[in-house]
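Only one structure is covered here, and it is reproduced in the block below.
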Amino acid sequence: MADIRRVGVPITYQEDNPITEWVEKLRASLGAEKREPRDQAERELLGRWLGYRGRDELENTVGMACYACSHFEMDFEWRFLLTDHIRTEAGHGWGYIKQADAIDPDRDHSRPDPDFEYEHGLWPRVEHLAIQRRDLLSYIFAGNLWPYGHVTAASIQGIHITTPHVLRFEENVVQAEERGHHDALLQKIHDYVWELVERYGEHAIRTRIAEIDAEALNSRPRTIFDPPRREFLRRHFNVPIENVVKFHEWREYLYLNVLGFPTEPVVIQNWPPEIPQPTAAAVTA
């Protein structure tokens, strides 16, 4: 593997890799099981879920990027990249809300729906948001910029009750744009980390990233590691969770090919209990 441990050295991350290929095959295998809502109750539930997802995207993913731009010191390339991130994620959030409106026109899905959230235990992930507000390094590795979603999103996007319009939106807009704009940020993340290494030393920065990552992974950061959301989607929409078996391998791939050094072991407390969590030795074997 090429040595990428300096500012400006091109990263070795590749969009086409065995882990992504495995996840895409899983996504494709679920297609035959998807169906449209059978009645008004299912249309209402689907609409309220998509509305919740869209509002969460706008309030939290977009909101955290806006917070980072307004509170953290950064260069203008960072501001350009984050502004594009905000535009992309805002389009996804609003797109999910409009998909919900089309499915159930009797409800304005742009409005808060606290009864839905309370009924299903979809509580705000306040501890995860707090980590992202601390500093730029915490925002990067705890938040949406670090692309763990390339593996974990197969769950939230794997709902079995959906519509052709939603599927086209997710494939042609959400998935396509997520890959493109996340990948553009990875070289910037690499260079920022190695700028910090030059200032503070490699041991200090690697230790700090490991601390942020471990804390974030245990703060319900993604649907598959958030028991209330995960169980809601499994119970009502039969989403897959087997994609989690590739998570630690994907984490190691990102570290080696974006940052240039290996991960530190982490145990994720909210790992789906039905699937054994691999050990560090198994991941690196």
Might you point out which heavy atoms bring Ile212 and Ala142 nearest each other, and give the distance in Å? CG2-N, 4.2 Å
Got a salt bridge between Arg199 and Glu195, using NZ or NE/NH1/NH2 to carboxylate O under 4.0 Å? no
Sequence neighbours excluded, which residues qualify as side chain to side chain donor-acceptor pair (under 3.5 Å) partners of Tyr148? Trp146, Asp213, Arg251
Non-neighbouring partners of Phe72 that pass ring-ring contact (aromatic ring centres under 6.0 Å, His included), sequence neighbours left out: Tyr67
Can a donor-acceptor pair be found between the side chains of Gln14 and Tyr253 at a distance below 3.5 Å? no
Who are the salt bridge (charged side-chain N to carboxylate O under 4.0 Å, His left out) partners of Arg125, not counting sequence neighbours? Asp56
From Thr163 OG1 over to Arg35 CZ, what is the distance, rounded to the nearest 0.5 angstrom? 12.5 Å
Any side-chain heavy atom of Glu274 sitting closer than 4.5 Å to one from Arg234? yes
Residues that Arg230 engages under salt bridge (charged side-chain N to carboxylate O under 4.0 Å, His left out), provided they are two or more places apart: none
Check: Leu82 main-chain N/O paired with Asp84 side-chain donor or acceptor under 3.5 Å: no
Has the side chain of Trp271 got a donor or acceptor atom that lies under 3.5 Å from a matching backbone atom of Ile275? yes
Correct closest heavy-atom pair for Val244 and Ile224 would be CB-CD1, 3.5 Å
Does any part of the side chain of Ile205, heavy atoms only, come nearer than 4.5 Å to the side chain of Trp194, both counted from C-beta? no
Taking everything shown except His71 itself, do over 12 heavy atoms lie less than 6.0 Å from its NE2? yes
How would you list, by chain and number, every residue that makes a side chain to side chain contact (heavy atoms under 4.5 Å, CB included) with Glu117, sequence neighbours excluded? Tyr52, Arg55, Leu122
Side-chain contact, heavy-atom cut-off 4.5 Å: Lys188 with Ile140? no
Could you check whether any side-chain heavy atom of Ser155 comes within less than 4.5 Å of a side-chain heavy atom of Asn243, counting everything from C-beta outward? yes
Quick check on the hydrophobic clustering: are Ile86 and Leu145 connected, directly or via other members, by side-chain heavy-atom contacts under 4.5 Å? no
Side-chain heavy atoms nearer than 4.5 Å, only ILVMFWY residues, links allowed to pass through others: does that put Val173 and Ile159 together? yes
Taking a hydrophobic cluster as the set of Ile, Leu, Val, Met, Phe, Trp and Tyr residues connected by side-chain heavy atoms closer than 4.5 Å, whether directly or through intermediates, do Tyr192 and Met74 fall within one such cluster? yes
Between CD1 on residue Ile19 and NE2 on residue His248, distance to nearest 0.5 Å: 12.5 Å
Give the C-alpha distance, both sets of side-chain angles, the deciding distance and a yes or no for side-chain contact (heavy atoms from CB on, under 4.5 Å) between Val197 and Val7. CA-CA 9 Å; Val197 168; Val7 174; over 6 Å; no
Let me confirm one number: the CZ-CH2 distance from Arg220 to Trp123, rounded to the nearest 0.5 Å. 10.0 Å
Partners of Arg133 by side chain to side chain donor-acceptor pair (under 3.5 Å), sequence neighbours excluded? none
side-chain contact (heavy atoms from CB on, under 4.5 Å) between Glu171 and Phe169: does it pass, once the steps are laid out? CA-CA 6 Å; Glu171 180 178 356; Phe169 169 68; over 6 Å; no
Partners of Gln269 by side chain to side chain donor-acceptor pair (under 3.5 Å), sequence neighbours excluded? none
Are any of the side-chain heavy atoms of Lys246 and His150 separated by less than 4.5 Å? no
To the nearest 0.5 Å, what is the distance between CD1 (Ile209) and CZ (Phe261)? 4.0 Å
Is it true that Glu170 and Arg53 make a salt bridge, defined as a side-chain N closer than 4.0 Å to a carboxylate O? yes
Would you confirm whether Gln277, through its side chain, and Ile268, through its main-chain N or O, come within 3.5 Å as a donor-acceptor pair? yes
Within this structure, what is the CG-CD distance for the pair Asp104 and Gln99, rounded to the nearest 0.5 Å? 13.5 Å
If every non-hydrogen atom of Asn218 is compared with every non-hydrogen atom of Ala214, which pair is closest and at what distance? ND2-O, 3.2 Å
Would you say Val62 ends up clustered with Ile131 if hydrophobic residues are merged whenever their side chains have heavy atoms under 4.5 Å apart, either directly or through other cluster members? no
Check the surroundings of atom CD in Glu59: do more than 12 heavy atoms from other residues, nucleotides or ligands lie under 6.0 Å from it? no
Output yes when a side-chain donor or acceptor of His190 lies under 3.5 Å from a complementary backbone atom of Ile4, and no otherwise. yes
All side chain to side chain donor-acceptor pair (under 3.5 Å) counterparts of Asn270, not counting sequence neighbours: none
Can we call the ring centroids of Trp250 and Phe247 under 6.0 Å apart? no
Scanning both residues in full, the closest heavy-atom pair of Asp226 with Pro228 reads OD1-CD, 3.0 Å
Could you tell me which non-hydrogen atom of Tyr255 sits nearest to which non-hydrogen atom of Pro262, and how far apart they are? CD2-O, 3.8 Å
Short question: side chain of Thr20, backbone of Asp16 - any donor-acceptor pair under 3.5 Å? no
Side chain proximity check, Glu42 to Leu46, heavy atoms < 4.5 angstrom: no
Counterpart residues, salt bridge (charged side-chain N to carboxylate O under 4.0 Å, His left out), relative to Arg168 (two or more places apart): none
Should Ile11 and Ile189 be marked as a side-chain contact (heavy atoms from CB on, under 4.5 Å) after you check the CA-CA gap, both sets of side-chain angles, and the distance that decides it? CA-CA 10 Å; Ile11 62 175; Ile189 292 172; over 6 Å; no
Taking atom CZ of Arg235 as the centre, report whether more than 12 heavy atoms of other residues, nucleotides or ligands fall under 6.0 Å from it. yes
So, do Trp49 and Ile161 sit near enough that their side-chain heavy atoms are less than 4.5 Å apart? no
Step by step, would you call His85 with Asn144 a side-chain contact (heavy atoms from CB on, under 4.5 Å)? CA-CA 10 Å; His85 176 66; Asn144 192 258; 3.3 Å; yes
same_hphob_cluster(Val166, Ile97) at 4.5 Å side-chain heavy-atom cutoff: no
Minimum side-chain heavy-atom gap Ile156-Arg222 below 4.5 Å: no
Connected to Leu167, directly or through other members, by ILVMFWY side-chain contacts below 4.5 Å are none
Atom of Ala100, atom of Leu50 and distance for their closest heavy-atom approach: CB-CB, 3.9 Å
Test ring-ring contact (aromatic ring centres under 6.0 Å, His included) applied to His128 - qualifying residues, sequence neighbours left out: none
Interatomic distance, His160 atom NE2 to Glu36 atom CD [nearest 0.5 angstrom]: 15.0 Å
Salt bridge (charged side-chain N to carboxylate O under 4.0 Å, His left out) against Glu73, all qualifying residues, sequence neighbours excluded: none
